[in-house]
Each structure stands twice: as C-alpha cells, then as structure tokens.
Protein chains: 2
Amino acid sequence: MDFTVETATAAVVESFQGTKDARLRELMESLTRHLHAFVKDIEPTLDEWEAAIGFLTATGQKCDDTRQEFVLLSDVLGVSMLVETMNGDEQGTESTVLGPFHMTESPRRELGDSIDLLGTGRPCVVSGRVLSPDGTPLAGAELDVWQCTEDGFYDVQQPDVQPPGNGRGLFHTDVEGRYWFRTVVPSHYPIPTDGPVGGLLRATGRHPYRPAHVHFIASAPGHRPVTTHAFVAGSPYVDSDAVFAVKRGLITDFTESQDQQEAERFGVTTPFRHATFDIVLATAPDHAP
Amino acid sequence: MDFTVETATAAVVESFQGTKDARLRELMESLTRHLHAFVKDIEPTLDEWEAAIGFLTATGQKCDDTRQEFVLLSDVLGVSMLVETMNGDEQGTESTVLGPFHMTESPRRELGDSIDLLGTGRPCVVSGRVLSPDGTPLAGAELDVWQCTEDGFYDVQQPDVQPPGNGRGLFHTDVEGRYWFRTVVPSHYPIPTDGPVGGLLRATGRHPYRPAHVHFIASAPGHRPVTTHAFVAGSPYVDSDAVFAVKRGLITDFTESQDQQEAERFGVTTPFRHATFDIVLATAPDHAP
C-alpha cells in the first residue's frame with residue numbers, strides 16, 4: 001500500500017489497467033514509466049517542481065486562435081520533428097514540421113500566379129514536378145504553399161501591412177505534373193519569443209531563428225500527402241534551425257538567372273531567382289499495386 | 001546536419017550546451033533524453049501528437065486563481081508524490097502531497113478551538129504532540145491544519161455555504177508540545193473532474209476519489225517543516241487514493257469515545273470521535289548537533 005520511490009511507478013502503471021482503449025493504456029503506461037524515470041533521474045526540489053508547473057501553465061495560457069505555444073515547445077525540443085520523421089515514408093520526399101503558421105486556408109491560384117501580393121520584392125520563381133516513386137508525373141496534384149516575406153513575416157503576423165493570403169497559394173499541377181508560381185525569396189526569421197518558450201531559449205542560450213524556407217503540403221489521389229519545406233540554400237541558420245527541421249535533401253538552390261527567355265515564360269524581369277523543387281509522393285498503402 | 005530518429009536526441013541535447021546555469025542544463029538534457037525515449041517508444045501518429053498538444057493546452061487554460069489543473073495532472077500521475085517523497089526526511093513523520101486546496105491563509109486559533117464553523121457535524125477531537133526525532137516535545141511549534149466537511153467540500157469550493165476559514169486553523173503547541181482542536185470527521189471526496197484531468201480519469205477507467213484526511217503543515221525552529229495528512233482509518237479509497245498519497249504510517253484511528261471526563265476536557269458531548277496524531281520533525285541540517 002505504501003507509496004515509495006521504489007513502488008511508485010508500478011502503482012501508477014497499475015492504476016491504468018482498467019483502460020478499455022488498448023492504445024490509450026499503452027500510451028499512459030509508457031508515459032508513466034518515462035516521466036517517473038525523468039523525475040527520479042533529476043530529483044527535483046519542491047521549488048523546481050513548482051517552477052515546472054508554472055512554466056506548463058503559462059505555456060497553455062499563452063495559446064489562443066493565432067498562437068500555439070505548446071506546438072512551439074514541442075518544436076524547440078525536437079519532438080515535432082521526431083514525430084514527423086517517424087510518420088514519414090521513405091518512398092517519398094522527406095517530410096518536415098508543419099509549423100505554427102498554417103492557420104488560414106490558402107487562396108486557390110492558377111499556375112504562374114504570384115503569391116507576392118505586395119509586389120515590392122525581388123522576383124523569384126519556384127517550379128517543379130510532383131511525381132510517383134517510379135517517376136510517373138502526377139497531373140492535378142494539389143500543392144498548398146505558404147511562406148514569409150523578404151522581411152521574415154507571415155501575413156497573419158502583420159495584418160496591418162500584408163493583405164490576407166499574401167505568401168500563400170493553393171495550386172494544382174498540369175497534365176505533365178508540373179507546377180510553377182511567382183513569389184519573393186523568403187527570409188530567415190525568429191520564432192515568437194514573447195512567451196514561455198522564448199524565455200526557455202534565452203535561459204539556455206539558444207537563438208530563436210529558422211533558416212529561410214517555403215512550406216509545401218503536396219497531395220494526390222492514391223498517394224500519401226507530404227508536409228515539407230524547400231530550404232533556401234545558403235540561408236543563415238541552415239545548420240542550426242531552432243526547431244531542428246532541416247534535412248539535407250530539402251535544401252534547394254534559389255539561383256540567380258539572367259535568362260531572358262525563361263523570364264518571359266514565367267512573367268518576371270531579369271535578374272530573377274529560380275528554385276526547382278520536385279516532390280515525390282509515396283504510394284498510399286490501400287492503393288499500392 | 002540531417003535530423004533523423006537516430007540523431008535527434010543528440011542534436012537537441014547539443015543545443016542546450018550553451019546553458020550557463022549548470023542545473024538548468026542538466027534538467028533540459030535529462031528532459032530531452034526521457035521525452036525522446038517516450039516518443040520513440042510509442043511512435044505517436046500525427047493525430048495522437050495533436051491530441052496531446054490539445055490536452056496540455058486545455059490543462060493550462062483550465063487554471064485560474066482557484067484551480068491548478070497541472071498540479072492535478074501531476075497528482076494523478078504520481079509525480080507530486082514522487083517529488084514529495086524524494087524531498088522527505090526519514091528522521092521525521094512521512095510527508096505527502098500539499099494538494100490544491102491550501103490556497104488561503106488559515107485563521108490563527110487557540111488550542112481547543114473548533115475549526116467547524118458550521119457546528120452541524122458530529123463532534124470530533126484531533127490531538128497530539130509535535131516532537132524532535134529524539135522524542136523532545138517542541139513547544140510553540142506551528143501547525144497549519146485544513147480539511148473538508150463531512151460532505152467532502154473545502155470552504156473555497158462552497159463560498160455560498162461555508163464561511164471563509166471553515167475547516168482551517170493555525171495552531172501553536174503548548175509548553176509540552178501538545179496540540180488539540182475540535183472539528184468534524186472529514187469525508188472522502190472526488191478531485192475536481194470537470195477539466196482535462198477528469199476526462200483522463202474517465203477515459204482510463206479510474207475513479208477520482210481521495211480517502212478522508214486532515215492536512216497538516218508542521219514547523220518549528222531548528223527543524224525541517226513537514227507537509228502531511230492524517231488519513232481516517234477505514235475510509236473508502238484508503239487503498240486506492242486517486243493521487244497515490246497514502247502512506248501506511250499516516251493512517252490514524254478516529255475512535256468513537258464515550259469518555260465523559262475527556263469530553264468535558266475537550267468541550268464536546270459524548271459520543272465523540274477522537275484521533276491522536278503525533279508529528280515528528282527532522283532536525284534542520286544547519287541546526288544539527
């Protein structure tokens with residue numbers, strides 16, 4: 001009956017034995033074992049335990065319709081990437097974090113449209129193909145794209161400066177699986193630092209920056225969707241992303257081009273930056289041959 | 001550079017190497033290792049990860065001036081008791097959880113006063129001594145006492161029914177280290193179940209009840225304070241406290257007495273219940289002989 005450091009974990013695990021949902025029981029048992037191992041490892045003082053309770057409470061209370069501080073905490077502890085990576089499919093393009101800025105629906109746009117509604121940035125074209133693992137082009141594949149400005153802000157962060165939908169677009173590939181759109185080269189930027197997670201980064205001497213990137217969610221019938229980024233090669237922080245999201249295969253050259261013919265084809269002026277980013281979608285299990 | 005399931009933990013641990021506070025660095029490294037081990041163990045789906053984020057967010061948002069849902073979560077996972085037990089002192093009376101109801105200051109009362117301000121309950125006397133480990137009585141030791149009613153509610157839970165300070169008292173022992181006060185026998189009661197923690201208990205088939213108990217914080221100069229309970233022997237749930245706080249040594253008989261002489265001494269009528277609960281305080285390290 002006595003609760004001791006030695007009997008604690010077994011007693012709490014035992015309390016979950018009546019859980020009807022077998023998966024939930026497995027989750028709670030594993031959580032109990034790992035959480036207790038952590039507590040026994042560090043032997044917190046009562047003041048440290050109170051500080052942890054206070055930190056978690058403040059993290060929950062920082063959340064609202066446009067802010068998810070627990071996702072941010074998961075991000076900076078590498079948990080989001082761990083979960084994303086374990087749920088990826090080796091057949092397809094590597095996945096990476098969704099991040100906290102996919103909060104509004106992207107406006108539907110035509111291939112070649114510009115997602116830079118401000119029109120003040122240096123011109124850039126992003127193009128590529130969506131493919132099956134065997135190289136078959138996927139016509140009509142959906143691409144949800146979002147990115148920040150050259151100044152490093154998403155539309156939702158600057159409602160007074162950017163029109164809604166700036167930097168966002170929902171595209172569909174053509175009959176040859178191709179896509180292309182006009183934009184600006186996104187900037188590196190800091191994750192929000194005015195909450196408990198920002199305080200944690202400061203206390204641990206970590207910077208809050210993410211290297212420049214364009215977000216994609218690609219999907220097509222019969223295939224597994226992928227959430228990923230095209231990282232801008234040479235961007236600051238590409239080797240020390242605050243949320244650990246960089247995978248080498250996702251680093252993409254945003255090359256300066258003087259090609260007049262291509263510029264005309266894409267509707268931009270020279271010089272322009274051009275990134276080519278192909279996306280491979282794994283076959284969905286229930287559609288596998 | 002690549003983030004993989006294999007390299008993830010080392011990468012996140014490495015990110016905390018610049019932490020100036022050595023204890024904070026130790027905490028974050030240990031947290032990272034145990035948290036990643038948990039995630040790798042259970043391999044959560046993206047939906048499960050989102051559900052976990054939602055649960056933690058709701059737990060933070062349930063907290064206010066009179067409710068601490070993260071403490072409740074820590075309690076039902078056995079973490080509060082683990083921390084309390086690791087910080088206890090074997091020289092003294094066993095410690096147990098503070099619980100979420102020690103939120104108002106207890107009114108100062110004289111020995112023999114009643115903490116039952118309603119006066120409708122069956123009479124009960126709690127008495128005992130506060131002692132040093134060698135048995136020396138501690139005169140003037142402070143005892144902060146709080147408990148629920150016979151119906152299982154603390155004053156702060158029933159502001160329309162109970163006057164503030166009902167069930168609470170701040171006492172000091174007499175020259176022989178003795179204390180005694182009048183009260184009612186507290187009831188077993190459920191922890192609050194209208195929040196995320198209540199949902200967790202329901203989903204896992206766990207009951208929310210705590211066995212009946214009187215809370216104490218005892219302190220005296222030159223000694224380590226102790227936070228503990230006197231559990232009512234024979235109370236329902238004494239073998240399955242929802243927060244794992246029962247220690248065998250803290251279970252106390254609340255015996256029915258017909259002793260007319262004692263009843264007069266304590267200012268109660270017969271029959272009355274009588275509990276004797278002695279508290280031993282460990283010597284404080286900087287006052288050790």
Side-chain angles (χ1 to χ4, degrees), chain A residues 1-5 8-9 11-12 15-16 18-21 24-28 30-32 34-46 48-49 53 56-61 63 68 70-71 74 77-79 81-87 203-206 239 244-248, chain B residues 1-5 8-9 11-12 15-16 18-21 24-28 30-32 34-46 48-49 53 56-61 63 68 70-71 74 77-79 81-87 203-206 239 244-248:
Chain A
M1 183 198 295
D2 259 25
F3 187 101
T4 65
V5 173
T9 307
V12 179
S15 78
F16 289 116
T19 307
K20 288 202 175 123
D21 180 326
L24 180 60
R25 186 169 65 243
E26 181 187 10
L27 291 174
M28 295 313 298
S30 177
L31 173 66
T32 301
H34 288 287
L35 183 58
H36 281 214
F38 168 56
V39 173
K40 289 181 201 172
D41 186 12
I42 57 163
E43 298 194 354
T45 65
L46 292 168
E48 287 171 345
W49 174 81
I53 295 287
L56 292 168
T57 303
T59 300
Q61 300 201 332
C63 298
Q68 227 310 343
F70 265 117
V71 169
S74 170
L77 293 177
V79 170
M81 269 305 287
L82 201 48
V83 174
E84 190 60 59
T85 302
M86 290 192 300
N87 281 280
T204 56
R206 284 178 52 176
D239 289 328
F244 306 98
V246 177
K247 290 175 174 175
R248 201 178 283 110
Chain B
M1 186 197 295
D2 259 26
F3 187 101
T4 67
V5 173
T9 307
V12 179
S15 78
F16 288 115
T19 308
K20 288 201 176 124
D21 180 324
L24 180 60
R25 184 168 67 242
E26 181 186 10
L27 291 173
M28 295 311 300
S30 177
L31 173 65
T32 301
H34 288 288
L35 183 58
H36 281 215
F38 168 55
V39 173
K40 289 181 200 172
D41 185 13
I42 57 163
E43 298 193 357
T45 65
L46 292 168
E48 288 171 344
W49 174 81
I53 295 286
L56 291 169
T57 303
T59 300
Q61 299 200 334
C63 298
Q68 228 310 345
F70 265 116
V71 168
S74 170
L77 294 177
V79 170
M81 269 306 285
L82 201 47
V83 174
E84 189 60 59
T85 302
M86 289 191 302
N87 282 280
T204 56
R206 283 177 53 175
D239 288 328
F244 307 97
V246 177
K247 290 176 175 174
R248 200 178 284 110

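Just so we're on the same page: letters track the sequence lines, and every chain starts at 1.
Taking 4.5 Å as the limit, some side-chain heavy atom of A/Thr204 sits within range of a side-chain heavy atom of B/Leu24. Residues A/Phe38 and B/Leu35 have side chains not in contact (no heavy-atom distance under 4.5 Å, counting atoms from C-beta outward). Side-chain contact between B/Leu46 and A/Glu84: present, with at least one pair of heavy atoms (C-beta onward) separated by less than 4.5 Å. Contact annotation: the side chain of B/His34 never approaches that of A/Val39 to less than 4.5 Å [non-hydrogen atoms, C-beta and beyond].
For the atom pair B/Ile42 CD1 and A/Ser30 OG, the distance stands at 5.5 Å (nearest 0.5 Å).
Using a 4.5 Å cut-off between heavy atoms, A/Ala203 contacts chain B through both its backbone and its side chain.
The candidate from A/Ala8, A/Ala11, A/Cys63 with the greatest count of non-hydrogen atom pairs under 4.5 Å with chain B is A/Cys63. When A/Lys40, A/Glu43, A/Met81, A/Arg25 are compared by the number of non-hydrogen pairs under 4.5 Å with chain B, A/Met81 comes out ahead. Heavy-atom pairs under 4.5 Å with chain A were tallied for B/Thr4, B/Val71, B/Asp21; the largest tally goes to B/Val71. Chosen from B/Lys20, B/Met28, B/Glu26, the residue pairing most often with chain A at heavy-atom distances under 4.5 Å is B/Met28. Counting heavy-atom pairs closer than 4.5 Å to chain B, the top residue among A/Ser74, A/Gly205, A/Ser15 is A/Ser15. Across B/Ala58, B/Ala245, B/Ala37, the residue that shares the most heavy-atom pairs under 4.5 angstrom with chain A is B/Ala37.
Nearest heavy-atom pair across A/Gln61 and B/Gly60 is NE2-O, 3.0 Å. Nearest approach of B/Phe3 to A/Leu82, heavy atoms of both residues: CE2-N, 3.6 Å.
Side chain of A/Gln68 to main chain of B/Thr57: no donor-acceptor pair is present (N/O by atom type, distance under 3.5 Å, no hydrogens or angles).
For B/Thr32, the side-chain contact (heavy atoms from CB on, under 4.5 Å) partners two or more places apart in sequence, or in a different chain, are B/Thr9, B/Val12, B/Val13, B/Phe16, B/His36. For A/Leu56, the side-chain contact (heavy atoms from CB on, under 4.5 Å) partners at least two apart in sequence or on another chain are A/Phe70, B/Phe70.
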